[in-house]
Every structure is written in structure tokens, then in C-alpha cells.
Amino acid sequence: MKILVCISKTADTTAKIAFTPDQKSFLETGVQFIINPYDEWYALVRAVELKEQYPDTVLHLITVGGADAEPILRKALAIGGDAAFRVDLQPISIEQVALSIAAHVKQEGYDLIFTGKETIDYNGSGVGGYLAGLLDWPFVSLATRFDYNGQTATVEREIEGGREICEASLPLVVSCQKGMAEQRIPNMRGIMAARTKPLQVLAAPPEAQQPAISIDHFALPPKKSGVHLIEPGNEEELVRLLHEEAKVI
Amino acid sequence: MAIFVFADQHQGTFKKAALETLFYASQLASSRQQEVVAVVMGEINQPRALADLGKYGARRVLHVDAAWLNDFDARLYALVLKEMLNQYAADRCLMPHDFNGRALAPYLAAQWQAGLLTGIVSLPDDKDCYQKQVFSGKATAWIKLQTERQVLTLLPNTFTPQPGDSQAQVERWQPTQVSAQQKRIQLKEVQTTQGRVPLTEASIIVSGGRGLKGPENWGMIEQLAEVLGAATACSRPVADAGWRPHHEHVGQTGLTVRPNLYIAIGISGAIQHLAGVNGSKYIVVINKDPEAPFFQAADYGIVGDAFEVVPRLIEAIKKYKGIS
Ligand SMILES: Cc1cc2nc3c(=O)[nH]c(=O)nc-3n(C[C@H](O)[C@H](O)[C@H](O)COP(=O)(O)OP(=O)(O)OC[C@H]3O[C@@H](n4cnc5c(N)ncnc54)[C@H](O)[C@@H]3O)c2cc1C
């Protein structure tokens, strides 16, 4: 089996969110970057587990980004994977990422592709579905469990107020979230091995060059006016405020 | 030209987020003199529900009445929608940014060669830009789609429908290029969490954190949720410890919610937690530590011990609602 895991570089969850003076782009100075948690904790770790279960599995990682994304790819390789690819493009939209990855998939051939459910910066939640659509492969989104018996994949996905369990054959694209696997901390051996694993830079395909969107500007949300504190013991006052002032009950 | 909306239903009941999207589309359409077409997939046992979509702004309903479309399948639904959108020479398709919409919208955009914008929270402004939450709710972006064909998803709980009394004209529609043979995913089982409001549809959420000490103390959380008709949620460490199921975990790495009222009990308000809840219209924080960061994001707060405050709050709500 040949698996591809899509990896995205995102700002750390505690990063201060600020924008350039023209409000056009995210201010990266002083920001720590991490592997997007959904890609790392769930997609990548589950793929590594599958490789442990089926040792002849080939596991590749891919990211679409500039050279500054390479440390993130190395970090991911320390958790697992045989080789990594970086498509050299600074994407701003979902389809740029998906078109870049699809071009590689068509060249290289895979049976299974994992993505995270969304990135924690642009929260698009679209790369997996768009990629599957480009490849015309079946797609299961927001998976909380994935098992493979050598022939059929059994996937559990979240729905409103419950979950669905479905079966599919490969090839397949799956977007992953909590439940798929447990976070793994890379060990020293993994970190050392990652340094020498192949990391190949690919040119972005022409169809991925032009984004379908343009970002006009960003803004931070207005500050809350301050909390209205109610004395403990005076819960009836809180109920009154929720009813009369906030009008939410 | 019409605006098409994927109206997701389960056994004849339309999802709340689908009705919100229809309403949103009707707002969008009225400024452009367009009409709204609702697309319904799968068999319906309550045909009246279809015409009733008119109340939410649909002028027409195209019902793809086929048993092989009863179960959601992103690929199959996208192929059917694509054929329909092409036949009607449509240029815009909307759906909710919910579990199914998040799978279908990108698949459709790829197949139909449309621009995609997900998770919008506003009508377009005079520059044709839509607002979208980014950095997990920590900022907003104004984004414009450059393509003629557009697929958009609307964040649930953003627009509140005001149902009217119109009825939609219902038509059956059959695809000719897509059939049951193309099905490659088989649904085996559906498990529903009994009796509770789904978290993503809830207008009130009661959420508990590590301050509640252990799963045995969730009785009062559930009781508070019950008197309010609310859903229950939790912080990440609570789900990680197995005190509550994973699907209740909200925050940057869990579910993003936007209820009208979010009540946080024994949750410190770490930045990753706030990221998933800061779209809530009102936030109430109950925490014994006056320095807890959550108070800075709150509208109302009580500094106190949850084990004393929550039972009194339950009584106060019962009294207000006239429940004894
Ligand atoms: C990459 C990353 C992603 C993360 N994603 C998420 C996420 O999605 N969601 C999330 O929630 N967290 C997330 N976290 C974890 C987050 O940083 C916090 O650790 C977590 O939210 C804390 O949970 P808590 O508030 O329940 O617990 P604590 O921080 O331990 O807070 C407990 C609170 O309870 C109060 N308390 C104690 N006893 C009482 C009492 N008797 N009455 C009233 N109050 C009391 C305390 O004063 C304290 O404020 C993430 C962390 C990282 C690093």
C-alpha cells in the first residue's frame, strides 16, 4: 500500500495574531510555526500505525509551501514516513493546495491519502475534498477512526449528534480528526533518521499558480466591553440579565 | 440566474443549518433579483416538508428522489449536483459549513471547476467580499472570489431564519449521467447520541472543564443543560482523560461552536479553548479563580465555587421557567 499524508505548516496555537499595517497579510515576525495539529496528531500518526501494521507500506508526506516549510516537514518525518515532497508555492487558497498535490498524486500513484480535517489558521476544511474531487476518488471527511483489513477500509465519521460507519475500497481520501490516533512525541532516533530522509522539491503545476480568491484585508475582532460580574449567591440576577439584557433565555 | 442551495435532510427533517443557508441565500438573492432553488437528495417520507422549504426562502425545490442517494456520499452527491448545475447553467451553489457540507462543497468545487470559499459569516459587501473567520476565530478575513462559478459554505448559527408563509414549487429531477453504479462507499451503521441537542445545532451550550474534578460531578452540568434545553461540551483535557466523550471537546483542536449562549464552568479559558468558542454571542463564566483568563472573554461571570454556584443557578432557572 502507498499512503500520502498532507502536511501543513501553521502558526502555533498560542501565537499572537497580528497583521501588516496595510492589514493585507499575517505578521509572521516572532511567530512559532508548528505542524497543523490535525495533520500531525491524527493523519500522520494513523498512517504511521498503518505502516507498522503493514510493513511493506510506502509512506510519503507532502506539503505545499516555501522553503520555510521544510523544518516542519523534517519534524513530521521524525514521527514517521519514508520520504517527503514540498511543492514550491505559497498558496493562499484551497484549490491551489489541492491542485498542487493532485499533480503529484497523478505522477506518483497512491492508494490512500490522509489530510487533517482543517488547518488551524485558515480553517478552510477543503483540501481533502477538493483533492478527492480532482482525482475523482471517494472521500470520507472528519474521520474519527480508520481501519484497513488489506482489502476494505472501515471508516467512522462524525455527523450531527452521532457517527456513521462506512466501508470503502481504495483508492480513498480521508480527512482526519480527533479519535483517529493518539499524539506521538518523536524520539531521538526518529529525529536523527529524519535528517537524512529524502525531501524532494517539486515545481508547482501551472494550474495551481492563480488563486481563485483574493484577500482584501484582515481584522481582529472588537474587544469585549468587559465582564459583568455577579456576586455568588445572586444567581437569580444572572438569570434576569440573560433574559432581559442578553435575551438568550 | 438562480442560487442553488443543498438542503440536507435526515428522514424528512431538514437540518437547522440547511434552513439557515436557505434563508441566507434568499437574502443574497433578493438584492440581485434572483430566485433560490433548494436541492434535496434521497427519498422523503413527508412530501409536505419539501414545499415548506418555501417558508425559508426557496422558490423551487428540485428533489432527486432516488433511494441510492439516501445516504450521504460526498462524491455521489457532488456528481449529481454538478450535472444539475450544468443543466440549469447555474453559477452559484451554497451549503452549510457543517459535517456534510464541508465534504461536499470542496468535492463539488473541484468537479464543477468553481471557486470555493468556506465558512463565510456575512453577506457580500459593496466590494463583493465575504467575511470569514480565520485563525480559529481569532481574526476575520474579507475575501473575494474571482471566479464566475462559486461554491460557498455558510457557518452554522450565523443567520437566524425568519420563516414566512410561502410554499415552494416542488419538481422531481433525475440525473442521467450519474447512477447507483458509481457508488463506492457503503454506509454500514449510524450511531446517534441519544436524547441530546447536537452540539453544532445548539443555541445554548453548557461546558465543563477540569475544575469539575471528575466525571462523577457531571450530574449538575447535565441538569443545568436540561433545564436550559442546552447541549453539553467540555475542554480538551476533560475529553482526553475520558471524563467525557471526544465529540464534546470544543476548541482549536476540537469543535468550533457559535451558540447564542456559552456557559463555561471550571474552565480556565486557555487561548486554544477560546478559539473554539469566541464566536458565541454571549459567554458566561463560572470559575473560582478571579484571575482565570476566561473572564476577559466573558460577558457575565460569577467568581465562585462551581459546586455551590451551579446548583443555585439550576434552581434560579427552574424558578424563572416555572419548573418545580
Ligand atoms: C496545540 C494545542 C491545542 C489545544 N487545543 C485545545 C482545545 O481544542 N480545546 C481545549 O479546551 N484545550 C485545548 N488545549 C489545551 C489548553 O491549552 C488548556 O490546557 C485546556 O483548555 C485547559 O482545560 P481546563 O480549562 O478544563 O483546565 P484547567 O486549565 O486546569 O482549568 C481548570 C479551571 O477550573 C477552575 N476551577 C477549579 N476548581 C473549581 C471549582 N470548584 N469551581 C469553579 N472553578 C474551578 C480553575 O480555577 C481553573 O481555571 C490545547 C493545547 C495545545 C498545546
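Convention: sequence-line order gives letters A, B, ...; per-chain numbering from 1. All values reported here derive from a predicted model rather than from experimental measurement. When reading the values below, keep in mind they use all heavy atoms of this one structure, side chains included, and skip hydrogens, waters and symmetry mates.
Residues Pro232(A) and Arg312(B) have side chains in contact (heavy-atom distance under 4.5 Å, counting atoms from C-beta outward). When side chains are defined from C-beta on, Val310(B) does not count as touching Glu235(A), because their heavy atoms never get closer than 4.5 Å. Looking only at side-chain heavy atoms (C-beta outward), Ile165(A) and Gln191(B) come within less than 4.5 Å of each other.
Only the side chain of Val239(A) comes within less than 4.5 Å of a heavy atom in chain B; its backbone stays farther off. Interface remark: Pro138(A) contributes backbone and side-chain atoms alike to the contact with chain B (heavy atom separation under 4.5 Å). If you measure heavy-atom distances from Asn100(B) to chain A, the contacts under 4.5 Å come from both the backbone and the side chain. Only the backbone of Gln296(B) comes within contact range of chain A, judged by heavy atoms closer than 4.5 Å. Interface remark: Ala297(B) contributes backbone atoms only to the contact with chain A (heavy atom separation under 4.5 Å). Contact of Gln183(A) with chain B is made through the side chain alone, with heavy-atom distances under 4.5 Å. For Glu95(A), no part sits under 4.5 Å from any heavy atom of chain B, backbone or side chain. Of the two parts of Val284(B), only the side chain, counted from C-beta on, holds a non-hydrogen atom closer than 4.5 Å to a non-hydrogen atom of chain A. Heavy atoms of Gln186(B) lying under 4.5 Å from chain A belong to its backbone as well as its side chain.
Residue Ile302(B) holds its CD1 atom at 10.0 Å from CD of Glu237(A), rounded to the nearest 0.5 Å. Taken from CG in Asn234(A) to CG in Leu313(B), the straight-line distance is 11.5 Å, to the nearest 0.5 Å.
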